[in-house]
Amino acid sequence: DKKDDYVPKKSRRVKRKMVAPADGDTWTEYVAVKNDQTRSFFVSKNTEKRVWDEPPSGATHIIWLEDHDGDPAVLPKDNVVHLG
C-alpha cells in the first residue's frame with residue numbers, strides 16, 4: 001500500500017529555533033473601552049511596552065483579568081482604560 005510509504009520531510013521554511021525565548025518579564029492584561037466595546041492589551045512591567053490582544057510569545061509571567069465577558073461594568077477599575 002503506497003499510503004504506508006510516506007516519509008515526512010523537514011520544512012525548509014521553518015527555522016530550527018521557532019520557540020521564542022522566555023523574556024523573564026511580567027505582562028499585565030488591561031482592557032481598552034470605547035463605545036461599549038472592549039479590547040485587551042498587555043503591558044510589560046520592565047519596559048512598559050504595550051501589545052494588543054494577547055501577550056507576546058515568550059512572555060514568562062502573565063497577569064490575566066478575571067473573566068469579564070466583555071462587560072465594562074464588571075472590570076477592575078485599575079485595569080480599564082477609556083478611549084474617546
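Every heavy atom of this structure was used, including side-chain atoms; hydrogens, water molecules and symmetry mates were not.
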For the side chain of [X] and the backbone of [Y], is there at least one donor-acceptor N/O pair under 3.5 Å apart?
{"X": "Asp25", "Y": "Asn46", "value": "yes"}
{"X": "Glu29", "Y": "Leu65", "value": "yes"}
{"X": "Thr38", "Y": "Val31", "value": "no"}

Taking every heavy atom of Pro55 against every heavy atom of Ile62, the minimum-distance pair comes out as CG-CD1, 3.5 Å
Is Trp27 reachable from Trp64 through a run of hydrophobic residues whose side-chain heavy atoms are each under 4.5 Å from the next?
-> yes
Report yes or no: do Val43 and Ile63 belong to one cluster of Ile/Leu/Val/Met/Phe/Trp/Tyr joined by side chain heavy-atom distances under 4.5 Å?
-> no
Which residues satisfy the ring-ring contact (aromatic ring centres under 6.0 Å, His included) test with Phe41, sequence neighbours excluded?
->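 Scan of Phe41 (ring-ring contact (aromatic ring centres under 6.0 Å, His included), adjacent residues dropped) gives Tyr30, Trp52.
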Kindly write out the residues that satisfy side-chain contact (heavy atoms from CB on, under 4.5 Å) with Asn35, not counting sequence neighbours, or none if the list is empty.
->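 Partners of Asn35 under the side-chain contact (heavy atoms from CB on, under 4.5 Å) test: none.
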Output all residues satisfying salt bridge (Lys or Arg N to Asp or Glu O under 4.0 Å) with Arg39, sequence neighbours left out; order by chain, then residue number.
-> Asp53
Rounding to 0.5 Å, atoms OG1 (Thr28) and CZ (Arg50) come to a distance of 11.0 Å
